[in-house]
Structure formats: C-alpha cells, structure tokens
Amino acid sequence: MKQIITFTIIIIMSVFSLNAQETIPQEIKIDTIFSKWNKNNTPGGSVGIIKDGKLIFSKGYGMANLDYNIPNGPETVFKIASTSKQFTAASIIILAQQGKLSLQDKLSTYFPKFPSYADKITIQHLLNHTSGIRDYIILARLSGLGPNDYYTDKTVSKLLMSQQELNFTPGEEFVYSNSGYWLLGQIVKKVSGETLAAFAKKNIFDPLEMKNSRFHDNFIEVVKNRATGYRPNRKGGFFEYMTTLNMVGDGGLITTINDLAKWDTSFYDTSVFDKDFWKQMLRLGTLNNGEKTAYASGLATRNYKGLEVIHHSGSFVGYRTQFIRFPEAKFSVIVLANRTDTDPSRMAYKIADLFLKNEYKTQKQYKPKNEALGKSRKKEFSISVKELKALEGNYWNNQNKSRSKLQVIDGVLNYVRSNGSKTKMRPIAKNKFQIIGSRTPVYLEAKNSKEFTIMTSNSTSVTFTSFEPITTYSTKDLESYSGEYYSAELDVIYTLKRSKNKLILMVKGEPIGEVKPIMKDVISIRSRQTFEFNKNRSEFRLSMLGRVKNIKFVKR
C-alpha cells in the first residue's frame, strides 16, 4: 500500500512540474536565483509571481523550520515586517471612506496628552512619513532596551509622548518612521472600537478570503504553518531569531504567498475596493514646499527601466520581504524570506528582468523627471584622474547626521558610505556622475570640491559639505567629553567613560562600544549614533540613522 501511495505522489509531482514548465519556461532560471536557499539544511523562503491577476508561479525554497525539516511553500506563513504598512494604511482609508475620520484630522484629536506639536500633525502626515515623529524602535534602543527585551504598547506610548521635539516641522521632510504607523494602528482602534487585527480581518482579509493573514498582536498565539525566522551564526549554521513584541501597525502582519496574491488581484479587480480607495492609497505625499515624495500610503513608488513600480520591503528579526508591482504590465513579484542574510529586493527584480525585458523602455522612450540629468546621460564623458582627485575628501550631511567620502580607486571615482561600503560612479558630464548598479537612477553632482549633491530621477536630493575629520582625541577632549549625561525624553543616563586614549559609551552600566571623533564637537559610535556637543560641552544632541534626531542629553 505504501508503495502505491509513493508512486501516486511521484506521478502528481511530475504532472505539477510539467504544468509549471509549460506555464513558466523561466522556472530553471528562477530556481537558479534562489539556489542558495534550495537546500535541506538552511532556511530560505517562498516566491510568488502574478500576471494579469493570476498566480502563475509559487514555490518554496529551503526550510521553514530547521528543527523538524519542514520545507517552505506557498502556504507557509511569514511575518512580513514593514510590508504590513499598506494594510494599516488600507484600514485608515476604509475608515475615511466610511466617514469615521478625515485624513486631515490632527494627531491631538486622538492623543490629547501629546506635546503641543501634535496640533500640527495630521493623519496624512503619518501615512506619508512626513510627521517628524521620531522612530519608536530606535527610541527604545537608545533608552537601553535591547532586541530581546520585552516591552508593550504602553512603553511605546510613554516614549513617544515624552518626546518634546520632532525631527523636523511636519511636512518639511520625508523621514521613514515606524512610530507613524504604530499610531495609525492605535487610531483604528480608537475610531472603530476594534483592534487593528479585528478591523483588518473584517474589512480586508475576510472579503478577500485571505484566510491565513492577520495582524499577529499576541506572540504566544499558535500559528499553523509558520516559518521560523533565522540569522546565521559563525559556525556556518543558524540561530532562531524571533520576537516577543506584540506591536502592530508598523509591522506585525503574518501572511502567505497565496494570500498576498489575492491582495494583488484586488488592485485591478474593484469588486472589493473601488478606484477611489486605490487612488487614495497611491496619493503621494506632498511637502510644504509643494514637492512630491516617492511614498504614498504604506506603498512607495519608483521607476525601474522606464516602468512604474509600486513596492514595499520589510525587515525585522529573522524575516525579509519584498513585494513589487508593475501596474502597466499587470505583473507582480513577492519574495518572503525567513533568514537575515539575504536580499529579497535584488531577487525580485531579477525575476522581473526575466519576464519584462521586452516591456522595459529604452533611454529614448523614457525621460527621467530631472530633465537636465536625462540630457547629460546621452553621451559618455571622460574626466581625467587629476580632475577626479580634486573631488576626493570627507563630506558631511547635517540633515541626516551622516558622513561619506569621495575616493578615486583605480582611476574611478567611488562614493564611500560611513560603513565603508563603496559604489563606483561613471561620469556623465563635467562634475556629474551616475552611480553604477542602482536599480533606479541615482546621480551625484559636485558643485565644487567643497560640496556635492546626491539626486534621484524623481528630484529627491541630499547635499554633503566637505569637512576636516579628526581621528584622535586630545587630552582636553577626553576630559571634557567624559561624564554622565541624562535625557529626560528617554529617561536614561549615558556615561562617556575614559579608557586611556579612548572613550567608551556605557548605558545602564553596560559597555556599548567605543565612541570615535568625527570633527570638532562631533563624535560617533559605529557611524550609527552621532553626538553633537555644545561649545562648553555641557550637553549633547543624539541622532541615529536619520530616524531620530537631536535628542537632548544634559551633563550631570
């Protein structure tokens, strides 16, 4: 009997394989893209390809669970991290369509205990990441909470309401903030009287028959077919990398390839969500100066090889996600991974290249929004090494509190990030360069040897100014920087402790790492946290990764 069953399974698998090859002649090439995952002793992920509203390819690679050798598949349940944001945004849009809230409502309407700046923040600002609210995940880390520490919505609420300042005036900038979407999830609860999980189930997942999708707001709840998250260890194996946090809104959705395909189909089939719904979902943010951002409501936009792309990635604990949609081609790719050492975005676009190469537009057909750059790309330019050398140096961006470097390597100008990663650039005009290898056009324009600007094809720009770096502390520096500093906003003491010719950061009695000098009155740890001191060094302002800026610490 066992032999008959085994033979039957083999026949069924063979038929499936034949059908897949008939429908997807690129299957072997797709398998090659995920060859690193397709092993019995490693985690991996699941992949879905959707064309004209139909899931034409779905397949799992590697293991969902290494303890029990359970493979990944189209029905494997993954956390999708920030890719969840579009479902939080959808819940807000639904409430707006129901007349239960307005996107112009002020944050103070729902959170009267926030500082007065909440009177200037709208729901629309939260949707578009233009509110200026500091990112709670980074705030928690800066307050001394580690990645394995447990904290709750009450902790997040207290952290946010303790912030006496914003990163910037609402509407002045676009800075990605998980806080905004956590707050949106709380607003859904306040307006509807239901948790975000319950509201989304009733209004999104049930109507679309997404039976394996929900906001997972109880980490001890059993989830059938769930993929465990993993990160690599130093011995060639993997550690489990999960979370005990229950916050949802900014993330927290669990779902499958098959369910997400149904959500993608609803973009074209308006039987559940009408055209106005999707119009509001895709309305780009507008800054105070009238400029459009590339981010709408839980969905970002970009241009890839002449085609519009609607997309969002996700990254949290042991999960990585990318969901890209080409609306003109009615084509989408979903990549869900349960390992940290991977790049789903690169893989998703590789798949798109297999299917859309004949639909991509040539340079003549496609003109970027930045017309000046578009014209300069028509010709190849040659710049001497001497001219390139004149641009070398260290540069600082005060808006994001980040540094970079321009460096000539083997006759090619490289853009060097603060973490040391390098990207080559090719000249396209005098003192104008295009970054090589970027999925969307990115340009660098050096106005002179003192300043350069990074620009994208949608006109987003960031300016860096040259500075003279400091590599060692003087005795005076070591003495004046050392001491205890208190932040009322984080309710935490930071200690800068002198150790010979070094400074060590201590938080809650634990050493965090060495703090190194950048320039006069500016020091940094691992190029992630930046400390900017006042002239008499009685206080500093702490910033991290652009998402948290200028938290005040006063010397005790």
Side-chain angles (χ1 to χ4, degrees), residues 43-46 62-68 70 72 76-88 134-160 176-186 189 195-197 200 212-233 237-256 259-260 298 312-323 335-342 344 528 544-545 547-548:
S46 295
M63 295 290 113
N65 185 283
L66 296 177
D67 288 333
Y68 300 101
I70 300 172
N72 281 313
T76 302
V77 176
F78 293 82
K79 273 187 175 291
I80 62 170
S82 288
T83 310
S84 310
K85 286 181 170 68
Q86 58 198 284
F87 297 96
T88 305
R134 293 163 173 163
D135 192 301
Y136 83 84
I137 293 177
I138 295 179
L139 288 174
R141 189 181 310 172
L142 293 175
S143 72
L145 289 170
N148 296 319
D149 289 327
Y150 175 74
Y151 55 96
T152 67
D153 284 336
K154 288 184 179 180
T155 311
V156 176
S157 181
K158 181 181 178 181
L159 263 176
L160 294 181
Y176 193 91
S177 174
N178 286 294
S179 298
Y181 273 77
W182 178 84
L183 287 166
L184 289 171
Q186 298 299 306
K189 184 177 181 179
T195 64
L196 175 61
N212 294 305
S213 300
R214 66 182 181 277
F215 279 102
H216 193 230
D217 55 5
N218 183 357
F219 79 92
I220 63 174
E221 182 183 15
V222 173
V223 178
K224 292 185 177 180
N225 300 320
R226 172 168 44 179
T228 300
Y230 295 96
R231 61 181 174 85
N233 61 31
F238 293 87
F239 291 123
E240 287 189 9
Y241 194 20
M242 305 290 279
T243 182
T244 59
L245 301 179
N246 289 326
M247 278 70 78
V248 296
D250 57 308
L253 190 78
I254 57 173
T255 187
T256 67
D259 274 8
L260 288 176
H312 210 297
S313 61
S315 174
F316 189 59
V317 289
Y319 301 93
R320 300 292 183 268
T321 305
Q322 181 57 275
F323 189 155
V335 181
L336 310 178
N338 63 325
R339 56 190 296 167
T340 60
D341 59 336
T342 192
R528 294 167 64 85
M544 185 171 180
L545 300 176
R547 295 188 185 182
V548 167

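This structure is a prediction, so every number in the text was calculated from the model and none was measured.
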*Asks:* Do F238 and D341 have side chains that get closer than 4.5 Å, going by heavy atoms?
*Replies:* yes

*Asks:* Evaluate the ring planes of Y136 and Y151, with Trp represented by its six-membered ring, and classify them as parallel (under 30°), tilted (30 to 60°) or perpendicular (over 60°).
*Replies:* perpendicular

*Asks:* Do K224 and V77 come within less than 4.5 Å of each other through their side chains, counting heavy atoms only?
*Replies:* no

*Asks:* Taking the side chain as every heavy atom from C-beta outward, state whether Y176 and S82 have any pair of such atoms under 4.5 Å apart.
*Replies:*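 The answer is yes, as the side chains (C-beta and beyond) meet within the 4.5 Å cut-off.
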
*Asks:* Any side-chain heavy atom of Y230 within less than 4.5 Å of one from N338?
*Replies:*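 Side chain of Y230 against side chain of N338, heavy atoms only: contact under 4.5 Å found.
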
*Asks:* Hey, is the main chain of T76 close enough, under 3.5 Å, to the side chain of N225 for a donor-acceptor pair?
*Replies:*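 Here the side-chain-to-backbone pair does not exist.
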
*Asks:* Does the T88 side chain pair with the main chain of G249, one donor and one acceptor, at a distance under 3.5 Å?
*Replies:*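 Yes: the side chain of T88 pairs with the backbone of G249.
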
*Asks:* Quick one: CD1 on I137 to CZ on F316, what's the gap to the nearest 0.5 Å?
*Replies:*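 The CZ atom of F316 is 5.5 Å from CD1 of I137, to the nearest 0.5 Å.
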
*Asks:* Between T256 and N212, does any side-chain donor sit less than 3.5 Å from a side-chain acceptor?
*Replies:* no

*Asks:* Begin from the C-alpha positions of N178 and K85 and carry the test side chain to side chain donor-acceptor pair (under 3.5 Å) through to its verdict.
*Replies:* CA-CA 9 Å; N178 286 294; K85 286 181 170 68; 2.7 Å; yes

*Asks:* Would you give the length of the straight line joining atom CD of E240 to atom CG of N65, rounded to the nearest 0.5 angstrom?
*Replies:* 7.0 Å

*Asks:* How many angstroms lie between atom CZ of R528 and atom CZ of R141, to the nearest 0.5 angstrom?
*Replies:*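 If I round to the nearest 0.5 Å, the distance is 5.5 Å.
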
*Asks:* If every non-hydrogen atom of K79 is compared with every non-hydrogen atom of Y319, which pair is closest and at what distance?
*Replies:*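 What the structure gives for the nearest pair is O-CB, 3.5 Å.
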
*Asks:* Could you verify whether a donor N or O on one side chain and an acceptor N or O on the other, from N72 and S46, lie under 3.5 Å apart?
*Replies:*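 No pair is found: no donor N or O on one side chain lies under 3.5 Å from an acceptor on the other.
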
*Asks:* Does the T340 side chain pair with the main chain of R231, one donor and one acceptor, at a distance under 3.5 Å?
*Replies:* no

*Asks:* So, for L142 and M544, which heavy atoms are closest and what is the spacing to 0.1 Å?
*Replies:* CD2-SD, 3.7 Å

*Asks:* Hey, is the main chain of K154 close enough, under 3.5 Å, to the side chain of S157 for a donor-acceptor pair?
*Replies:* no

*Asks:* Please identify which of these residues, D250, D153, D135, meets the side chain to side chain donor-acceptor pair (under 3.5 Å) condition with W182.
*Replies:* D153

*Asks:* For E221 and H216, work out which heavy atoms get closest and say how close.
*Replies:*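 Heavy atoms only, the tightest pair is OE1-CD2, 3.4 Å.
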
*Asks:* Kindly compute the distance separating CG (L139) from OG (S177), expressed to the nearest 0.5 Å.
*Replies:*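 Rounded to the nearest 0.5 Å, the CG-OG separation comes out at 8.5 Å.
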
*Asks:* Starting at CZ of R320, measure out to OG of S315 and round the result to the nearest 0.5 Å.
*Replies:* 3.0 Å

*Asks:* List the atom of A337, the atom of T342, and the distance in Å for their closest heavy-atom pair.
*Replies:* CB-CG2, 3.9 Å

*Asks:* Can you tell me if R339 uses its side chain to pair, donor with acceptor, with the backbone of P43 under 3.5 Å?
*Replies:*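 Indeed, once roles are kept as given, a pair shorter than 3.5 Å links the two residues.
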
*Asks:* Are the side chains of T83 and L260 in touch, meaning some heavy atoms are under 4.5 Å apart?
*Replies:*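 No, too far: nothing below the 4.5 Å cut-off.
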
*Asks:* Apply the side-chain contact (heavy atoms from CB on, under 4.5 Å) test between Y150 and each candidate in T155, N246, L145, T243; give the one that qualifies.
*Replies:*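 Going through T155, N246, L145, T243 one by one, the side-chain contact (heavy atoms from CB on, under 4.5 Å) with Y150 is satisfied by N246 alone.
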
*Asks:* Looking at every heavy atom in both F239 and N233, which two are closest together, and how far apart are they?
*Replies:* CE1-CB, 3.1 Å

*Asks:* Is the shortest heavy-atom distance from the side chain of D217 to the side chain of L196 under 4.5 Å?
*Replies:*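 SC-SC contact between D217 and L196 ruled out.
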
*Asks:* What are the two closest heavy atoms between L160 and R134, and how far apart are they?
*Replies:*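 Looks like CD2-O, 3.7 Å.
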
*Asks:* Give, for atom CG of L336 and atom CD1 of I254, the distance between the pair rounded to the nearest 0.5 Å.
*Replies:*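 CD1 of I254 is found 12.5 Å from CG of L336.
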
